[in-house]
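Have a look at the structure below, then the notes.
Chain letters run A, B, ... following the sequence lines, proteins first, then strands; residues in each count from 1.
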Amino acid sequence: MRLSQYFMPILRDDPKEAEIISHRLMLRAGMIRQEAAGSYSWLPMGFRVLKKIEQIVREEQDRAGAIEVLMPTLQSADLWKKSGRYDAYGKEMLRVKDRHDREMLYGPTNEEVITDIFRSGIQSYKDVPRNLYHIQWKFRDEVRPRFGVMRGREFLMKDAYSFDLTAEAGQHSYNKMFVAYLRTFARLGLKAVPMRADTGPIGGDSSHEFLVLAETGESGVFFDKDFHAMDWENFDIDYDDVGAVKNLVAEFTSKYAATDEKHDVVEFDARVAKDKQLSGRGIEVGHIFFFGDTYSKPLGCEVQGPDGKKVTLQSGSYGIGVSRLVGGIIEASHDKGGIIWPEAVAPFKVGLINIKAGDAEADAASDKIYKALQAKGVEVLYDDRAQPGGAKFATMDLIGLPWQVIIGPRGLKDGMAEVKHRKTDARENVALDKVVEKFTA
RNA sequence: CGGGGCGUAGCGCAGUCUGGUAGCGCACCUGCCUUGGGCGCAGGGGGUCGCGAGUUCGAAUCCCGCCGCCCCGACCA
């Protein structure tokens with residue numbers, strides 16, 4: 001993409017409404033635009049990142065055996081009345097009426113709908129286990145939306161729902177999602193620590209929140225320093241190997257980690273040596289629950305078992321805040337100059353800077369590399385505008401593409417381009433005809 | 001929902017107390033110059049001053065009502 005033909009409205013000054021860094025940088029980099037409190041339009045740069053995160057989440061759900069569907073944003077109130085949540089949910093649920101005065105709502109979550117869908121599609125114990133998920137916009141009418149996309153009212157969420165014959169089988173479904181989350185966040189370049197979470201009325205310990213450590217997080221967190229020494233990248237595992245999956249979950253739940261809501265000082269002291277006790281703040285990017293028959297029972301989600309008797313299914317639900325992750329990744333990865341995108345989610349891999357746009361030689365060299373990168377399928381944003389070099393560097397640092405290729409008279413006289421790594425600021429002179437292979441190797 | 005604050009050009013702000021032709025910086029447009037870290041010179045465009053009603057010869061400014069947005073707290077992917 002040529003920047004001269006793109007839509008990337010960057011701001012030089014910080015918008016005053018944005019307090020936290022990710023919100024400021026997203027606005028300044030022209031990724032989003034606020035439409036109302038907690039409601040944002042996604043501009044091209046932001047949308048590209050959102051789609052990349054969504055795709056990684058999707059791939060890891062698929063790999064774990066979940067099956068993608070798509071449910072509507074507007075739901076009928078009927079199902080919610082059956083489950084008892086229509087009244088229980090309170091003002092956070094946006095309620096609307098259609099032209100026939102029927103009660104509808106903008107889905108804040110989908111347990112009711114999915115359970116109803118699943119119920120009507122299956123009859124036999126042979127039809128389980130299954131895990132259905134979708135990636136859809138949700139609306140929760142938060143009292144106080146804030147922090148940009150980190151706490152919007154409208155947000156993109158992946159929510160998966162598992163159905164099993166027994167609680168024991170359900171636990172395996174839960175464990176698979178746990179592992180899928182470890183894999184997902186690792187691919188996003190994040191270290192998201194699983195922490196025991198409130199299960200509400202269900203009890204047990206089958207609920208975990210995944211928190212990205214960041215100063216601006218909304219939750220206080222307490223955890224064992226040993227978490228940092230664990231292997232957060234290699235999660236190759238056979239999802240059908242019940243024992244192996246269980247062991248991996250056990251490993252990542254063996255050390256103390258809790259949000260301030262669940263923090264137990266006595267237990268912390270007992271399990272973690274003083275010099276290994278860490279505390280800080282975290283951003284909740286995922287939350288998984290196993291809740292048994294809470295929704296299957298009132299909604300009559302049951303199958304006929306091998307013995308001919310009806311069995312109410314056991315369920316869990318598993319959420320990832322996809323739009324929140326965009327902000328979360330920035331919170332975890334930025335510097336004074338701006339955003340530093342992990343390659344997996346960067347809107348473009350390479351930023352090509354033509355320092356002397358308008359100069360025949362610089363234009364020719366830059367155009368050539370641009371076309372060659374495109375031909376090789378390397379995502380490149382080409383700053384071909386006639387602007388002073390300094391402004392281009394500042395812009396490129398702000399939007400945080402992982403690599404910058406800098407073409408200017410200084411290098412051109414030796415037939416060289418400069419390749420800069422945004423994250424480390426490492427610079428390397430590369431012969432013009434070797435630039436492309438640097439990104440295709 | 002309690003407390004605090006803000007709404008004036010795309011962004012950041014001054015002007016409001018004390019009513020009198022709507023301003024500054026950045027951004028933008030034109031030309032020249034420049035091009036290795038937000039460059040320089042000259043010229044220029046852009047505003048129902050959040051909305052509505054009032055007071056007044058005259059309202060961004062005063063009065064009344066409404067709306068929107070942000071921050072702190074209590075609640076949440």
Side-chain angles (χ1 to χ4, degrees), chain A residues 9-20 23-24 27-28 30 33-39 57 89-93 107-110 135-160 181 192 197-198 200 207 209-212 217-219 259 261 283-289 317-328 336-338 353-359 361-363 366 383-398 404 406-413 416-418 420 425 427 429:
Chain A
I10 61 163
L11 301 173
R12 194 161 163 167
D13 299 314
D14 287 331
K16 68 173 173 182
E17 75 268 16
E19 283 294 309
I20 67 164
H23 192 194
R24 281 207 299 265
L27 289 167
R28 286 195 52 210
R33 202 185 84 104
Q34 179 166 348
E35 298 301 340
S39 172
V57 170
Y89 218 95
K91 285 188 158 180
E92 283 201 356
M93 184 154 78
T109 179
N110 283 62
I135 299 172
Q136 176 65 292
W137 293 91
K138 307 289 189 291
F139 193 95
R140 294 184 190 175
D141 202 355
E142 299 275 349
V143 212
R144 188 183 158 211
R146 65 188 116 167
F147 305 146
V149 300
M150 304 266 282
R151 177 162 299 287
R153 290 192 296 173
E154 191 175 22
F155 58 96
L156 188 62
M157 178 167 129
K158 183 284 299 182
D159 40 327
Y181 279 33
D198 237 323
S207 178
E209 296 177 337
F210 288 75
L211 286 103
V212 174
E218 287 193 83
S219 316
T259 60
E261 315 177 313
I283 301 161
E284 185 186 347
V285 290
H287 198 162
I288 59 180
F289 293 92
S317 68
Y318 315 92
I320 290 181
V322 176
S323 48
R324 169 179 288 184
L325 273 166
V326 180
K336 243 176 90 179
I353 297 176
N354 179 1
I355 287 185
K356 198 167 180 176
D359 174 81
E361 196 188 353
D363 287 352
S366 303
D383 191 347
D384 58 340
R385 299 167 307 162
Q387 277 202 356
K392 294 188 170 190
F393 293 131
T395 298
M396 208 51 90
D397 285 350
L398 171 65
Q404 296 174 13
I406 301 160
I407 310 279
R410 200 167 77 187
L412 277 179
K413 65 180 191 305
M416 305 292 264
E418 182 176 301
K420 170 184 157 180
D425 198 39
R427 291 149 194 273
N429 287 316

A:Leu398 and A:Leu11 have their tightest heavy-atom pair at CD2-O, 4.4 Å
Does B:G10 have a Watson-Crick or wobble mate here (both distances under 3.5 Å), and if so which one? B:C26
Starting the side chain at C-beta, find the nucleotide from B:G12, B:A77, B:G73 nearest to A:Arg144. B:G73
Return the 5'-most residue of the pair A:His287, A:Ala18 with respect to RNA chain B, ranking by each residue's nearest nucleotide. A:Ala18
Smallest heavy-atom separation, A:Lys392 atom then A:Asn354 atom, equals NZ-O, 2.6 Å
Can you identify which nucleotide, out of B:G25, B:G36, B:A77, has its nearest atom closest to the A:Asp13 side chain? B:G25
For B:G73, which nucleotide in any strand shown is its Watson-Crick or wobble partner with both distances under 3.5 Å? B:C1
Over all strands shown, is A:Ile355 touching base, sugar-phosphate only, or nothing at heavy-atom distances under 4.0 angstrom? base
Using atom CD of A:Glu361 as one end and atom C1' of B:U35 as the other, report the distance to the nearest whole Å. 14 Å
Is any side-chain heavy atom of A:Asp159 less than 4.5 Å from a side-chain heavy atom of A:Lys138? yes
Side chains of A:Gln404 and A:Asp397, donor plus acceptor under 3.5 Å: yes
Separation between the C1' atoms of B:G45 and B:G52, rounded to whole Å: 31 Å
All N/O pairs under 3.5 Å across the protein-nucleotides 6-9 of chain B interface:
| residue | atom | partner | partner atom | Å |
| --- | --- | --- | --- | --- |
| B:C6 | O2' | A:Lys16 | NZ | 2.9 |

In whole angstroms, the gap separating C1' of B:G36 from CE of A:Met416 amounts to 15 Å
Using the salt bridge (charged side-chain N to carboxylate O under 4.0 Å, His left out) criterion, which residues pair with A:Glu92? Sequence neighbours excluded. none
Using atom P of each nucleotide, how far apart are B:C71 and B:U18 to the nearest Å? 33 Å
Stacking check A:Phe393 vs B:G38 (5.5 Å / 30 deg): no
Output one line per pair: protein atom, nucleotide atom from nucleotides 43-50 of chain B, and distance, for all N/O pairs under 3.5 Å.
none

Work out how far the C1' atom of B:G40 is from that of B:U34, and round it to whole angstrom. 8 Å
Taking the side chain from A:Arg140 and the backbone from A:Arg153, do they hold a donor-acceptor pair closer than 3.5 Å? no
For the side chain of A:Glu17, counting heavy atoms from C-beta on, which of B:C70, B:C75, B:G73 is nearest? B:C70
Length of the line joining A:Asp383:CG and B:G37:C1', which is rounded to integer Å: 13 Å
With sugar-phosphate meaning primed atoms plus P, OP1 and OP2, does A:Asp14 contact a base, only sugar-phosphate, or nothing at under 4.0 Å between heavy atoms? sugar-phosphate
Using the P atom as the reference point in each nucleotide, state the distance between B:C66 and B:U48 in Å, no decimals. 26 Å
Does any part of the side chain of A:Met157, heavy atoms only, come nearer than 4.5 Å to the side chain of A:Ser323, both counted from C-beta? no
Side chain of A:Gln34 only, heavy atoms from C-beta on: which candidate in B:C70, B:C75, B:G37 is closest? B:C70
Test item: A:Phe210 and A:Ile320 side chains (from C-beta on) under 4.5 Å apart, heavy atoms: no
Contact class for A:Arg24 vs. all strands (heavy atom < 4.0 Å): base, sugar-phosphate, or nothing? nothing
Taking pairing as Watson-Crick or G-U wobble with both contacts under 3.5 Å, can you name the mate of B:C57, or confirm there isn't one? B:G20
Check every strand shown and say whether A:Gly90 touches a base, only sugar-phosphate, or nothing at a heavy-atom separation below 4.0 Å. nothing
Find the distance A:Ile20:CD1 to B:C70:C1' and express it as a whole number of Å. 13 Å
Starting from P on B:C69, measure out to CZ on A:Arg33 and report it in whole angstrom. 13 Å
Salt bridge (charged side-chain N to carboxylate O under 4.0 Å, His left out) partners of A:Arg146, counting only residues at least two apart: none
For B:G38, give its Watson-Crick or G-U wobble partner with both distances under 3.5 Å, or none. none
Pairwise P distance, B:A14 and B:G50 [rounded to whole Å]: 14 Å
Taking B:C75, B:C72, B:G38 as options, the one with an atom nearest any side-chain atom of A:Val143 is B:C75
Tell me the partner of B:G45, counting only Watson-Crick (N1-N3 plus N6-O4 or O6-N4) or G-U wobble (N1-O2 and O6-N3) with both under 3.5 Å; none if nothing fits. none
Taking the side chain as everything from C-beta on, heavy atoms only, tell me whether A:Glu17 gets closer than 4.5 Å to A:Leu27. yes
Which part of the nucleic acid does A:Lys91 contact within heavy-atom distance under 4.0 Å: base, sugar-phosphate only, or nothing? sugar-phosphate
Over all strands shown, is A:Gly411 touching base, sugar-phosphate only, or nothing at heavy-atom distances under 4.0 angstrom? base
Have a look at A:Ile406 and say if it touches a base, only the backbone sugar-phosphate, or nothing, with a 4.0 Å heavy-atom cut-off. base
When rounded to the nearest Å, what value does the distance between P atoms of B:G73 and B:G20 take? 41 Å
Would you kindly give the CG-to-P distance between A:Asp363 and B:U35, to the nearest whole Å? 15 Å
Minimum heavy-atom distance A:His287-A:Ser207, with the two atoms named: NE2-OG, 3.1 Å
Rounding to a whole Å, what distance do you find between A:Lys138:NZ and B:A77:P? 13 Å
Pairs: protein N or O with nucleotides 27-31 of chain B N or O, under 3.5 Å:
none

What are the two closest heavy atoms between A:Arg324 and A:Met150, and how far apart are they? NE-O, 2.9 Å
For a quick check of understanding: with a heavy-atom distance under 4.0 Å over all strands, which category does A:Pro388 fall into, base, sugar-phosphate or nothing? base
Determine the Euclidean distance between corresponding C1' atoms of B:C1 and B:C57; express it in Å to zero decimal places. 47 Å
Write down the atom of A:Gly408, the atom of A:Ile355, and the distance for their closest heavy-atom approach. CA-CB, 4.1 Å
Donor/acceptor link under 3.5 angstrom from A:Arg28 side chain onto base of B:G12: no
In whole angstroms, how far is the C1' atom of B:C39 from the NZ atom of A:Lys356? 14 Å
Mind checking the P distance from B:G10 to B:C51? Whole angstroms is fine. 13 Å
If you check the A:Arg324 side chain, which of B:A77, B:G37, B:U35 turns out closest? B:A77
From the set B:G37, B:G73, B:G38, return the single nucleotide nearest to any side-chain atom of A:Arg146. B:G73
A:Lys158: side chain to side chain donor-acceptor pair (under 3.5 Å) partners, not counting sequence neighbours: A:Gln61, A:Tyr181
Once you apply a heavy-atom cut-off of 4.0 Å, does A:Gly319 come out as touching a base, just sugar-phosphate, or nothing? nothing
Consider the side chain of A:Arg410, meaning its heavy atoms from C-beta on, and name the nucleotide among B:G36, B:G38, B:C11 that approaches it most closely. B:G36
For A:Ala36 and A:Gly286, find the nucleotide of RNA chain B closest to each by heavy atoms; which residue's nucleotide sits nearer the 5' end? A:Ala36
Give one of base, sugar-phosphate or nothing for A:Ser323, where a contact means two heavy atoms less than 4.0 Å apart. nothing
